[in-house]
Amino acid sequence: MAQKAAAVAVDFSRIYTSLGLGKETIASLQAFRKRHLEAQRISNAVSTQPTTVDFAHYRSVLKNKAIVDEAEKLLNDFKPTTYDVSAHVKAIETFEVKAVAKAKETEEKIDIELKQLHETLANIENARPFDQLTTEDVAKAHPRIVEVVETMLKKGKWTVPGYKEKFGDLNVM
């Protein structure tokens, strides 16, 4: 009963989206859940069926008692066949190993992404307001800007490409 309560309490759609699982992992999980639910349904259906045969009832109903005796003999002589399920167990274990490896890989990716997000958040929180920045601060952050401006000055270019198209010409003349 506790298993059913635990299975009902799990919100798989939230797990799929919040953990950032890959499409292959989600498809595997969904296929596994489907097979599991089908196996549970079949098991429940079979377990509710009666397992005994009332041969006395059949003897009283049928005229041919030899058929009932033969069926009873066949049932009593029946020995279930055992199957080697080691191949299935190996397949399950292989799937489990792959699933665990994928889960660890996903966990590592999520940890790296969280670390980057925390660093970005710390940078945002510690950043100075835009109105307090100086040109030296911008040049220090992006040295390429200084190189471009120096090149433009050497070539005698005093206008920024695309400025007039974006902001218009402010010349009064």
Side-chain angles (χ1 to χ4, degrees), residues 1-130 133 137-138 140-145 147:
M1 192 65 162
Q3 289 176 336
K4 287 183 181 178
V8 171
V10 175
D11 183 9
F12 283 98
S13 60
R14 194 175 122 231
I15 289 174
Y16 298 150
T17 56
S18 65
L19 292 181
L21 300 175
K23 291 179 183 178
E24 183 180 314
T25 307
I26 291 173
S28 296
L29 281 173
Q30 288 173 337
F32 177 77
R33 283 184 58 216
K34 183 179 177 184
R35 289 192 311 269
H36 174 69
L37 291 173
E38 183 65 18
Q40 274 186 325
R41 186 188 62 76
I42 292 170
S43 174
N44 289 338
V46 170
S47 67
T48 58
Q49 296 176 354
T51 57
T52 59
V53 178
D54 185 11
F55 288 105
H57 170 73
Y58 289 109
R59 280 191 186 94
S60 66
V61 173
L62 297 174
K63 292 181 184 178
N64 191 349
K65 312 277 189 248
I67 292 176
V68 177
D69 291 337
E70 186 179 337
E72 186 174 17
K73 180 180 177 259
L74 286 172
L75 183 65
N76 289 337
D77 292 344
F78 175 75
K79 300 285 186 250
T81 305
T82 58
Y83 290 100
D84 184 20
V85 294
S86 62
H88 295 292
V89 171
K90 277 186 177 180
I92 291 170
E93 288 173 350
T94 304
F95 175 78
E96 181 182 5
V97 167
K98 287 181 182 178
V100 168
K102 284 277 193 185
K104 287 182 180 180
E105 183 181 310
T106 303
E107 180 186 18
E108 290 172 2
K109 287 180 182 178
I110 289 172
D111 287 342
I112 290 170
E113 190 174 334
L114 278 174
K115 183 180 175 188
Q116 290 172 347
L117 288 173
H118 283 296
E119 289 173 359
T120 303
L121 183 62
N123 284 341
I124 291 170
E125 289 174 347
N126 295 333
R128 284 192 291 176
F130 184 76
L133 289 178
D137 295 332
V138 174
K140 194 185 302 180
H142 295 286
R144 176 84 176 113
I145 294 174
E147 294 172 14

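A quick note: this is a predicted structure, and the numbers were derived from the prediction, not measured.
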Separation of [Y] [atom2] from [X] [atom1] (nearest 0.5 Å):
X: F32; Y: I92; atom1: CZ; atom2: CD1; result: 7.5 Å
X: R33; Y: S28; atom1: CZ; atom2: OG; result: 13.5 Å
X: T120; Y: H118; atom1: OG1; atom2: NE2; result: 10.5 Å
X: K79; Y: D77; atom1: NZ; atom2: CG; result: 6.5 Å

Test side chain to side chain contact (heavy atoms under 4.5 Å, CB included) applied to T25 and Q30, K102, E105, the passing residue
K102
Less than 4.0 angstrom from a charged side-chain N to a carboxylate O is my criterion; do [X] and [Y] meet it?
X: K109; Y: E113; value: no
X: E24; Y: K98; value: no
X: E38; Y: R41; value: yes
X: K104; Y: E107; value: no

Please determine whether salt bridge (Lys or Arg N to Asp or Glu O under 4.0 Å) holds for the pair E147 and R144, giving the CA-CA distance in whole Å, both sets of side-chain angles, and the decisive distance to 0.1 Å.
CA-CA 5 Å; E147 294 172 14; R144 176 84 176 113; 3.6 Å; yes
What closest approach, in Å, do K140 and P143 show between heavy atoms, and which atom pair accounts for it?
O-CD, 4.0 Å
Go through it in stages, so that I can follow the logic: the residues are L121 and L117, the test is side-chain contact (heavy atoms from CB on, under 4.5 Å), and I'd like the CA-CA distance, side-chain angles, deciding distance and then a yes or no.
CA-CA 6 Å; L121 183 62; L117 288 173; over 6 Å; no
Please answer whether the main-chain N or O of A39 pairs with a side-chain N or O of S43 as donor and acceptor at a distance below 3.5 Å.
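Checked: no pair found.
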Would you say that more than 12 heavy atoms from the other residues, nucleotides or ligands in this model lie under 6.0 Å from the CD of E72, or not?
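It does: E72 CD has more than 12 such atoms within range.
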side-chain contact (heavy atoms from CB on, under 4.5 Å) between Y58 and I67: does it pass, once the steps are laid out?
CA-CA 10 Å; Y58 289 109; I67 292 176; over 6 Å; no
